[in-house]
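I have placed the structure first, in the form of structure tokens, so that the comments after it can refer back to it.
Excluded from the calculations below are hydrogen atoms, water molecules and symmetry mates; all remaining heavy atoms, backbone and side chain alike, are included. Residue numbers count from 1 along this sequence. None of the values given here were measured: they were computed from a predicted structure.
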Amino acid sequence: LNKWGSIKKANVKVSGYDNNVITMPLSKEIVEWNSFPGTSYVNPEGSFDTVEFVGKINADKIKVNKYEPTILATICYPYLTKANPVVCIDPFPFDSGQNKVCEIGSKQLTSQGAPVAITRIDEEASTNKIQFKIYIKNVGGGKIIKIDSLQKCSSSSESKGLEKDDFDIVELASATIGSKPLTCWPFVEGSNNMVRLYNGEGFVICTLDMSNLGAESAYTTPFNIELRYGYMSTTSKNIKIS
């Protein structure tokens, strides 16, 4: 839970109906959100739960034969995308005279089972550095919310509404090769790890300094990447009260 700071819960709220006609709670929290196992090889379907909203129909307030509102259900939740692709580390990328177990290049990634995906990594080498361009895409059909703005999704009267700058920003929580952190950019102005997406897509560039690796030949190793963000998804249902 520490990875989220004070944000540990998902919030579900309903809207789209006349409060004078239908009386029911506006929102509910899923307290055990972080205990849901994500998708994996042994759990390909992920996890699910239900949230029930019980409403009272104030029939005397309906002055027509039928009332047909569209109920919106919106969920806002914190989430983490993890990717661990295997990349090639070559201390002598321009030496073509020796046999090598791998070559530096681009790599397409499969889905990480998250609404925000790392889709591709382009790898380029210079004399003493390797540069990784990490492509990020919103694949979940909802909206990305900056993790620090997630509390604005609650329906409490004292919370402020979401604004333009609260959307389409993910946090690069970690980017390491082995235990070695990388130097990454570009970030949102005024931050040191926030990446902005445009039309649901973006990228971040990370550099590995090879001068202190001590390797004598090319080798493969996992590239550990974590993205942290809030996410908002909405669905709707038409109902009829006669």
Worksheet item: Do Pro69 and Ile239 come close enough that some side-chain heavy atom pair is under 4.5 Å?
Response: yes

Discussion item. I need the minimum non-hydrogen distance between Phe187 and Asn192, along with the two atoms involved.
Written reply: CE1-O, 3.0 Å

Discussion item. Contact between Leu109 and Tyr135 at the side-chain level, heavy atoms closer than 4.5 Å - yes or no?
Written reply: no

Discussion item. So does Leu80 get a backbone contact from the side chain of Glu226, meaning a donor-acceptor N/O pair under 3.5 Å?
Written reply: no

Worksheet item: Can you tell me if CD on Gln98 sees more than 12 non-hydrogen neighbours from other groups inside 6.0 Å?
Response: yes

Practice prompt. Answer with yes or no whether the hydrophobic clustering places Ile134 together with Leu197; edges join I, L, V, M, F, W, Y residues whose side-chain heavy atoms lie under 4.5 Å apart.
Written response: yes

Practice prompt. For residues Met194 and Asp148, determine if any side-chain heavy atom of one lies less than 4.5 Å from a side-chain heavy atom of the other.
Written response: yes

Worksheet item: Is Met24 reachable from Leu26 through a run of hydrophobic residues whose side-chain heavy atoms are each under 4.5 Å from the next?
Response: yes

Worksheet entry | Donor-acceptor pair, side chain of Thr81 and main chain of Val116, under 3.5 angstrom | yes

Worksheet item: Any chance CD of Glu45 has more than 12 other-residue heavy atoms, nucleotides or ligands included, within less than 6.0 Å?
Response: no

Worksheet item: Below 4.5 Å, heavy atoms only, C-beta onward: do Leu182 and Phe223 meet side chain to side chain?
Response: yes

Discussion item. Give me the atom names and distance for the closest heavy-atom approach of Ile169 to Tyr229.
Written reply: O-CB, 4.4 Å

Item to complete: Test side-chain contact (heavy atoms from CB on, under 4.5 Å) on Arg196 and Ile144 and set out the steps.
Response: CA-CA 10 Å; Arg196 181 175 294 281; Ile144 300 169; over 6 Å; no

Discussion item. With a sphere of 6.0 Å drawn around CG of Asp60, does it hold more than 12 non-hydrogen atoms of other residues, nucleotides or ligands?
Written reply: yes

Worksheet item: Is there a donor-acceptor pair closer than 3.5 Å between any side-chain N or O of Lys82 and the backbone N or O of Gln112?
Response: no

Practice prompt. Evaluate the side-chain proximity of Met232 to Thr74: yes if any heavy-atom separation is below 4.5 Å, no if none is.
Written response: yes

Worksheet item: Which one of Ile225, Ile177, Ile205 satisfies the side-chain contact (heavy atoms from CB on, under 4.5 Å) criterion with Phe132?
Response: Ile177

Worksheet entry | Side-chain donor/acceptor of Tyr79 to backbone N/O of Ala114, under 3.5 Å | no

Practice prompt. Inspect the surroundings of CG in Asp49 and state if more than 12 heavy atoms from other residues, nucleotides or ligands are less than 6.0 Å away.
Written response: yes

Worksheet item: Any idea which heavy atoms bring Leu150 and Pro78 closest together, and the distance?
Response: CD2-N, 3.4 Å

Worksheet item: Counting distance only, does the side-chain N/O of Tyr77 pair as donor-acceptor with the main-chain N or O of Ile30 below 3.5 Å?
Response: no

Item to complete: Taking the side chain as every heavy atom from C-beta outward, state whether Phe203 and Pro186 have any atom pair closer than 4.5 Å.
Response: yes

Practice prompt. Would you indicate whether Lys100, at its atom NZ, is surrounded by more than 12 heavy atoms from other residues, nucleotides or ligands within a distance under 6.0 Å?
Written response: yes

Worksheet item: Is any side-chain heavy atom of Ile118 less than 4.5 Å from a side-chain heavy atom of Pro85?
Response: no

Worksheet entry | Heavy-atom neighbours of Lys180 NZ exceed 12 at 6.0 Å | yes

Practice prompt. May I ask whether Phe94 and Ile104 are part of the same hydrophobic cluster, defined by side-chain heavy atoms of I, L, V, M, F, W, Y residues being less than 4.5 angstrom apart, directly or through others?
Written response: no

Worksheet entry | Linked, directly or transitively: Ile130 and Phe92 (ILVMFWY side chains, under 4.5 Å) | no

Worksheet item: Under 3.5 Å, side chain of Asn58 to main-chain N/O of Asn20, donor-acceptor pair present?
Response: yes

Worksheet item: Does a side-chain heavy-atom distance below 4.5 Å link Ile145 with Phe167?
Response: yes

Fill in: Over 12 non-hydrogen atoms of neighbours within 6.0 angstrom of CD in Glu124
no

Worksheet entry | Which atom of Phe53 lies closest to which atom of Val12, heavy atoms considered | CZ-O, 3.6 Å

